[in-house]
Student: 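I'd like to ask some things about the structure below.
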Amino acid sequence: MRILAVADIESPYYYDYYTPGKLAGFDLILACGDLRQEYLEFLATLAPCPVLYVRGNHDDSYAQDPPGGCICVEDKIYRCENGLRILGLGGSYKYRDGENMYTERQMRRRVRRLWPRLWWNRGFDILLTHAPARHLNDMDSLSHRGFSCFLDLMDLYRPKYFIHGHIHKNYGMKVPQRSFYGNTTVINAFDYCAFEYDDHNARMTLPAWQCPAPSPL
């Protein structure tokens with residue numbers, strides 16, 4: 001399964017310099033926020049696959065005018081046709097008033113509300129967020145701080161991938177595009193990142209008896 005992850009800027013490679021067929025080989029597009037509505041609609045129109053997205057801290061307008069042809073996975077576990085499970089939690093750490101900004105406590109509350117779906121789906125395969133996890137590709141400033149509860153989610157459910165945006169590579173930090181947290185591959189999708197997901201061997205489903213009890217976070 002070939003996946004394209006995008007975040008934060010409209011990639012010139014897939015937008016300004018697009019050529020016919022460039023998106024033809026993808027089975028799924030995952031958007032991690034802070035992208036113009038027109039860009040997501042462009043991808044949804046030209047790619048022969050679903051475009052899933054979470055909102056970034058600058059995407060307040062999506063509530064009234066969501067990008068057409070795309071699927072919002074905020075606070076959901078989306079199941080692809082092949083069974084791949086994607087958990088969406090958009091927004092950033094709260095540094096000012098905004099619809100898509102959260103304190104650590106507020107983000108943990110969002111996660112707790114998802115517990116019945118997490119149990120029913122027996123975990124998830126990809127954690128799709130805008131913000132990074134705390135001390136994992138994040139920064140100390142409130143505006144770019146990550147969430148500790150994302151680490152807890154990875155500890156509990158051991159997803160194959162954690163895909164986020166928000167941390168721009170031009171900040172001067174040496175942020176890798178790919179890193180690891182345990183057995184989870186972490187991808188900073190700033191601009192874009194294309195990768196292969198082995199949906200035959202990589203997906204891990206927890207037995208019902210092994211799923212964490214309610215309110216693990």
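From a predicted model like this one, the values you see are computed outputs, not experimental measurements.
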Student: Considering all heavy atoms of both residues, which atom of I29 and which atom of C49 are nearest to each other, and what is their separation?
Tutor: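 Distance-wise, the nearest heavy atoms are CG1-SG, 3.8 Å.
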Student: A side-chain contact here means heavy atoms from C-beta on lying under 4.5 Å apart; do N121 and L87 qualify?
Tutor: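 The answer is no, as the side chains (C-beta and beyond) never meet within the 4.5 Å cut-off.
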Student: For the atom pair SG (C149) and CG (D155), what is the distance rounded to the nearest 0.5 Å?
Tutor: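 Nearest 0.5 Å value for the SG-CG distance: 11.5 Å.
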Student: On a heavy-atom basis, which atom in I163 and which in A5 lie closest, and how many Å separate them?
Tutor: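 Nearest heavy atoms, I163 then A5: CG2-CB, 3.9 Å.
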Student: N188 versus P132: any side-chain heavy-atom pair under 4.5 Å?
Tutor: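 Counting from C-beta outward, N188 and P132 never come under 4.5 Å.
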Student: Within the 4.5 Å heavy-atom criterion, are Y62 and L40 side-chain neighbours or not?
Tutor: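 The answer is yes; the side chains approach within 4.5 Å.
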Student: Is there a donor-acceptor pair under 3.5 Å between the side chain of D59 and the backbone N or O of G33?
Tutor: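 No; judged by distance alone, with no hydrogens or angles, the pair does not exist.
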Student: When the ring planes of Y15 and F42 are compared, do they come out parallel, tilted or perpendicular, using 30° and 60° as the limits?
Tutor: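 Answer is perpendicular, since the angle exceeds 60°.
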Student: Would you say the ring centroid of H166 lies under 6.0 angstrom from that of H144?
Tutor: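 When the ring centroids of H166 and H144 are compared, they turn out to be within the sub-6.0 Å range.
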Student: Could you please spell out the steps behind the side-chain contact (heavy atoms from CB on, under 4.5 Å) verdict for S61 and Q37?
Tutor: CA-CA 9 Å; S61 63; Q37 175 185 352; 5.6 Å; no
Student: Out of curiosity, I167 CD1 to D138 CG, how far, rounded to the nearest 0.5 Å?
Tutor: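 Reported value, rounded in 0.5 Å steps: 6.5 Å.
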Student: Spell out, yes or no, whether M139 and I9 are grouped together once hydrophobic residues are joined by side-chain heavy atoms under 4.5 Å, including indirect joins.
Tutor: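 M139 and I9: separate clusters.
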Student: Answer yes or no: is there a side-chain heavy-atom contact under 4.5 Å between K94 and L142?
Tutor: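 No, too far: nothing below the 4.5 Å cut-off.
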Student: Quick one: CZ on R105 to CZ on F147, what's the gap to the nearest 0.5 Å?
Tutor: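 Between R105 CZ and F147 CZ, I get 14.5 Å after rounding to 0.5 Å.
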Student: I86 and C80: side-chain contact (heavy atoms from CB on, under 4.5 Å), yes or no, with the steps?
Tutor: CA-CA 8 Å; I86 300 165; C80 299; 4.0 Å; yes
Student: What I want to find out is whether R134 reaches D140 closely enough, with some N-O distance under 4.0 Å, to be called a salt bridge.
Tutor: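 Salt bridge present between R134 and D140.
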Student: For the residue pair G68 and A44, what are the closest heavy atoms and their distance?
Tutor: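 Reported closest heavy-atom pair: O-CB, 4.2 Å.
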Student: Any donor-acceptor pair under 3.5 Å linking the side chain of Q177 with the backbone of I187?
Tutor: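 Not confirmed, Q177 side chain does not pair with I187 backbone.
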Student: Compute both the distance and the angle, then confirm whether R145 meets the cation-pi test with Y93: under 6.0 Å from the six-membered ring centre, within 45 degrees of the axis.
Tutor: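 Because its charged atom sits under 6.0 Å from the ring centre and within 45° of the axis, R145 does stack over Y93.
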Student: Keeping E99 on the side-chain end and A63 on the backbone end, is there a donor-acceptor pair under 3.5 Å?
Tutor: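 Not at all, since once roles are kept as given, no pair shorter than 3.5 Å links the two residues.
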Student: With a 4.5 Å cut-off on side-chain heavy-atom distances among I, L, V, M, F, W and Y, is there a chain of contacts connecting M1 to Y192?
Tutor: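 No.
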Student: Less than 4.5 Å apart, side chain to side chain, heavy atoms only: is that true for V54 and L89?
Tutor: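 The answer is no; the side chains never approach within 4.5 Å.
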Student: Heavy-atom distance under 4.5 Å between the side chains of V6 and L30, does that happen here?
Tutor: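 Not touching, per the 4.5 Å side-chain cut-off.
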Student: If two hydrophobic side chains count as joined below 4.5 Å and joins carry through other members, does Y14 share a cluster with L35?
Tutor: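 Y14 and L35: one cluster.
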Student: Dump the intermediate steps for side-chain contact (heavy atoms from CB on, under 4.5 Å) on E10 and E38, then the final yes or no.
Tutor: CA-CA 10 Å; E10 291 70 40; E38 295 82 2; over 6 Å; no
Student: Please tell me if the side chains of Y18 and Y13 come closer than 4.5 Å, counting only heavy atoms from C-beta onward.
Tutor: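 With C-beta onward as the side chain, the pair stays apart.
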Student: For E81, does the CD atom sit with more than 12 other heavy atoms under 6.0 Å from it, leaving out its own atoms?
Tutor: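 12 or below, so no.
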Student: For L84 and I126, run side-chain contact (heavy atoms from CB on, under 4.5 Å): C-alpha distance rounded to whole Å, both residues' side-chain angles, the deciding distance at 0.1 Å, then the answer.
Tutor: CA-CA 8 Å; L84 184 70; I126 295 177; 4.0 Å; yes
Student: Please find the pair of heavy atoms, one from R96 and one from N57, that lie closest to each other, and give the distance.
Tutor: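 That closest heavy-atom pairing would be NH2-O, 4.2 Å.
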Student: Once rounded to the nearest 0.5 Å, what's the spacing between atom CG of L23 and atom CZ of R2?
Tutor: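 Result: 11.0 Å between the selected atoms.
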Student: Can F190 be reached from L127 by stepping across I, L, V, M, F, W or Y side chains whose heavy atoms are under 4.5 Å apart?
Tutor: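 Cluster IDs for L127 and F190 differ.
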Student: Salt bridge check: are R108 and D152 linked by an N-O gap of less than 4.0 Å?
Tutor: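 Yes.
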Student: Would Y181 and F162 count as a close aromatic pair, with their ring centres under 6.0 Å?
Tutor: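 No, the ring centres sit 6.0 Å or more apart.
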Student: Centre of Y197's six-membered ring, under 6.0 Å away, within 45 degrees of the axis: is that where NZ or CZ of K160 sits?
Tutor: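 No, K160 does not lie over the aromatic ring of Y197.
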Student: Which value, rounded to the nearest 0.5 Å, describes the distance between K22 atom NZ and L46 atom CG?
Tutor: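 Going from NZ on K22 over to CG on L46, the span is 11.5 Å.
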Student: I'd like to know if R110 pairs up with E74 as an ion pair, taking the criterion as any Lys NZ or Arg NE/NH1/NH2 lying under 4.0 Å from an Asp or Glu carboxylate oxygen.
Tutor: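 Looking at R110 and E74, the cut-off is met.
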Student: Can you find a pair of side-chain heavy atoms, one from L52 and one from C70, that are under 4.5 Å apart?
Tutor: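 No, their side chains stay 4.5 Å or more apart.
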Student: Count I, L, V, M, F, W, Y as connected when their side-chain heavy atoms are under 4.5 Å apart, and connections chain through other members. Are L128 and F180 then in the same cluster?
Tutor: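 Not linked; separate clusters.
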Student: Quick one: closest heavy-atom pair of G123 and I77, and the distance?
Tutor: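 Minimum heavy-atom contact is O-CD1, 4.4 Å.
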Student: Closest approach of R178 and C193, non-hydrogen atoms and distance?
Tutor: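 The pair with the smallest heavy-atom distance is NH2-SG, 3.7 Å.
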Student: Can you tell me how far the CG atom of L43 sits from the CZ atom of F26, to the nearest 0.5 Å?
Tutor: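 Atom-to-atom, L43:CG and F26:CZ are 10.0 Å apart.
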Student: Would you check if the side chain of D125 reaches a backbone N or O of P159 as a donor-acceptor pair within less than 3.5 Å?
Tutor: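 Checking the backbone N and O of P159 against the side chain of D125, no donor-acceptor pair under 3.5 Å is found.
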Student: In terms of side-chain heavy atoms, does N100 have a donor or acceptor partner in R55 at a distance below 3.5 Å?
Tutor: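 Present: a donor and an acceptor within the cut-off.
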